[in-house]
Number of protein chains: 2
Amino acid sequence: MTTLSEENYLKAIYHLGKQGAVAVSTNAIAEKIESKASSVTDMVKKLADKNLAHYIKYQGVSLTNDGRLAAALVVRKHRLWEVFLVENLNFSWDEVHDVAEQLEHIKSLKLVNELDAFLGFPTHDPHGDPIPDKDGNYAPTKSINILELEVGSEGVLALVKDSSDVFLKYLNKNNLALGDVIKVLEFEPFDDSVTIQTKTKEIIISKEVAKNLYLSQ
Amino acid sequence: MTTLSEENYLKAIYHLGKQGAVAVSTNAIAEKIESKASSVTDMVKKLADKNLAHYIKYQGVSLTNDGRLAAALVVRKHRLWEVFLVENLNFSWDEVHDVAEQLEHIKSLKLVNELDAFLGFPTHDPHGDPIPDKDGNYAPTKSINILELEVGSEGVLALVKDSSDVFLKYLNKNNLALGDVIKVLEFEPFDDSVTIQTKTKEIIISKEVAKNLYLSQ
DNA sequence: ATATATTTTTAGTCAAGACTAAAAATAGGG
DNA sequence: CCCTATTTTTAGTCTTGACTAAAAATATAT
Ligand SMILES: [Mn+2]
Ligand SMILES: [Mn+2]
Ligand SMILES: [Mn+2]
Ligand SMILES: [Mn+2]
């Protein structure tokens, strides 16, 4: 059985592992989880003892199959609860994360699978992130970052990579929501800002914003 | 902010306090939460420091207004989640308790109040226990224990006092469910067993069983 | 290749929440 | 009223998961 703290480490390693790197550094984990590298070293040894992680001193950490499945289950629960909160309890997409951080640790396979069925087996959470199935798998996402599109191309906003409430509130303020049709009008070479056509108006978004918006076509 | 452990102590004191006693003994609390009296003494001091409990050495514990409200909120969450699990996620009444024990500690006032609304503001949980409102209040229950009825009287099964899964499974096996009409047919003086007419057949229940069944008329 | 900077681990502490064993207080029976 | 049984508290430990500071390993730059 995994503790709450172990689950948070597993999830951090899981997410960092997706970002390319085979082995994840203790410092990277510490930053993600807002703790210290020394604490990470301690915990990573425990995860290795439980056969949830591979760990070689000074070389970094990766998940075992068991660890990856455990992490995927936590992510699955997090995202299913986010869907529930938005679809059924009148939460907006910028309010769900902190509650989901708590709900993702509730232990009951029946609960997560019944919740999945109740929600109609959703494939994506309110931020466009994919929801792993029971086995931890999900279809590879095919959405493309705005910065990689051609001028004139159009798509549906399918994923916001940053789902911090400050970013989501920025999107709310600018009337941008998942599912909206967006057209790329112009790239500005000076600062890499992008002019886009939204549902309601033409706006200029910074490179930092554009980096976090993915469209599907 | 209360910790998970503090909340479990508050809830235990809350429930024991309902059973008559003004001040609750450390031993009684220890038994209820399956710990040791010495651990209870430690925790009760912390609760007193936080103004959640009144505590006088050797004299027992009671809740302050803040403590009672905090405890009632935990009970409210527990019972609302039980309703959700039964009504929406295909749990049966003997499967909900352990999951509700976890869900009752999720911290979000919006969550509990939206859940309440989603469920249609239920007044009782799947075991017939009343659900406290935001202020910790609930209407006094008027159901009567089977042992206090007259032979020949009839009522609707409204509350099972013991909601352990072993007792609930006994009721399932005997086709007894909340809402069923039950008629008292005979009291046996020798062992205080009771013959009752259920939905489907006539059965004899022991005193121990009868003590836990409450009817409303 | 060596010196320096950065990263990572180790050693030593701390707080929360549990426990056991011993001491202290209370309650009951004669 | 006192002696004993029971209850409750205190003292001392343990485990988990965090931290700081120091040591060790690795990476980088001249
Ligand atoms: Mn989230
Ligand atoms: Mn999300
Ligand atoms: Mn329950
Ligand atoms: Mn209940």
Side-chain angles (χ1 to χ4, degrees), chain A residues 1-14 16-17 19-63 67 70-71 74 101-102 104-105 107, chain B residues 1-14 16-17 19-63 67 70-71 74 101-102 104-105 107:
Chain A
M1 188 73 350
T2 48
T3 67
L4 185 147
S5 190
E6 286 168 352
E7 289 184 346
N8 284 334
Y9 279 93
L10 289 171
K11 196 174 48 144
I13 300 166
Y14 178 84
L16 291 168
Q19 259 82 284
V22 175
V24 176
S25 78
T26 49
N27 255 346
I29 298 168
E31 188 174 351
K32 175 137 245 175
I33 230 169
E34 292 180 309
S35 67
K36 303 290 163 156
S38 56
S39 307
V40 174
T41 302
D42 282 354
M43 180 57 84
V44 147
K45 287 176 181 171
K46 288 179 203 164
L47 294 177
D49 286 346
K50 289 189 167 192
N51 278 301
L52 296 169
H54 300 294
Y55 168 58
I56 307 171
K57 267 193 193 185
Y58 297 102
Q59 306 283 104
V61 192
S62 60
L63 295 179
V74 175
E101 283 293 308
Q102 300 176 63
E104 71 188 8
H105 301 291
K107 283 172 176 42
Chain B
M1 190 70 355
T2 48
T3 66
L4 184 148
S5 190
E6 286 169 351
E7 288 184 346
N8 283 333
Y9 278 93
L10 289 171
K11 196 174 50 145
I13 301 166
Y14 178 84
L16 291 167
Q19 258 85 281
V22 175
V24 176
S25 77
T26 48
N27 256 342
I29 298 168
E31 189 175 353
K32 176 140 242 170
I33 68 183
E34 293 180 307
S35 66
K36 303 289 163 163
S38 55
S39 306
V40 174
T41 302
D42 282 355
M43 180 56 86
V44 146
K45 287 176 181 171
K46 288 179 203 164
L47 295 176
D49 286 347
K50 289 190 168 190
N51 278 302
L52 296 170
H54 300 296
Y55 168 58
I56 308 170
K57 265 192 194 185
Y58 296 102
Q59 305 283 102
V61 192
S62 60
L63 296 177
V74 175
E101 283 293 309
Q102 301 176 63
E104 72 188 7
H105 301 292
K107 285 175 174 39

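Below, chains carry the letters A, B, ... as their sequence lines are ordered, and counting in each starts from 1. Note that the structure is predicted; figures quoted are calculated from it, not measured.
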| said: Considering only residues two or more places apart or on different chains, which pairs with a residue in residues 26-43 of chain A satisfy side chain to side chain donor-acceptor pair (under 3.5 Å)? | reply: none

| Just by distance, do the side chain of A:Lys50 and the backbone of A:Gly67 share a donor-acceptor pair under 3.5 Å? | no

| query | Can you give one letter per nucleotide of nucleotides 8-15 of chain C, going 5' to 3': B for a protein heavy atom under 4.0 Å from the base, S for sugar-phosphate only, - for none? | reply | BBB-----

| said: On a heavy-atom basis, which atom in A:Ala23 and which in A:Gln59 lie closest, and how many Å separate them? | reply: CB-O, 3.6 Å

| Taking NZ from B:Lys36 and P from C:dA18, how many angstroms apart are they, rounded to a whole number? | 13 Å

| task | Under the salt bridge (Lys or Arg N to Asp or Glu O under 4.0 Å) rule, collect the residues that match up with B:Lys46, sequence neighbours excluded. | result | none

| Between atom CD1 of B:Ile33 and atom OH of B:Tyr9, what is the distance when rounded to the nearest 0.5 Å? | 3.5 Å

| task | Enter the distance from B:Leu4:CG to B:Glu101:CD here, rounded to the nearest 0.5 Å. | result | 9.5 Å

| request: Taking A:Lys45 for its side chain and A:Tyr55 for its backbone only, find out whether a donor-acceptor pair lies under 3.5 Å. | output: no

| Gap between atoms CD1 and P, on A:Ile33 and D:dG17 respectively (whole Å) | 12 Å

| said: Could you check whether any side-chain heavy atom of A:Ile13 comes within less than 4.5 Å of a side-chain heavy atom of A:Leu47, counting everything from C-beta outward? | reply: yes

| request: Look at A:Lys46 and D:dT16 and indicate whether a side-chain polar atom (N or O) is within less than 4.0 Å of OP1 or OP2. | output: no

| said: Restricting to salt bridge (Lys or Arg N to Asp or Glu O under 4.0 Å), what partner residues turn up for A:Lys57, sequence neighbours left out? | reply: none

| field | Heavy-atom closest contact (B:Glu104 atom, B:Glu7 atom, distance) | value | O-OE1, 4.2 Å

| Just to confirm, is there a sub-4.0 Å distance from OP1 or OP2 of D:dG17 to any side-chain nitrogen or oxygen of A:Ser39? | no

| field | Sub-4.5 Å side-chain heavy-atom contact between A:Val74 and A:Leu10 | value | no

| Would you say B:Tyr9 reaches C:dA16's phosphate, i.e. side-chain N/O to OP1/OP2 under 4.0 Å? | no

| Which of residues 1-8 of chain B sit near DNA chain C, with a heavy atom under 4.0 Å from it? | B:Thr3, B:Ser5

| said: Given a 3.5 Å cut-off on both pairing distances, which stems involving DNA chain C, each at least three consecutive Watson-Crick or G-U pairs, are present, if any? | reply: C:1-30 with D:1-30

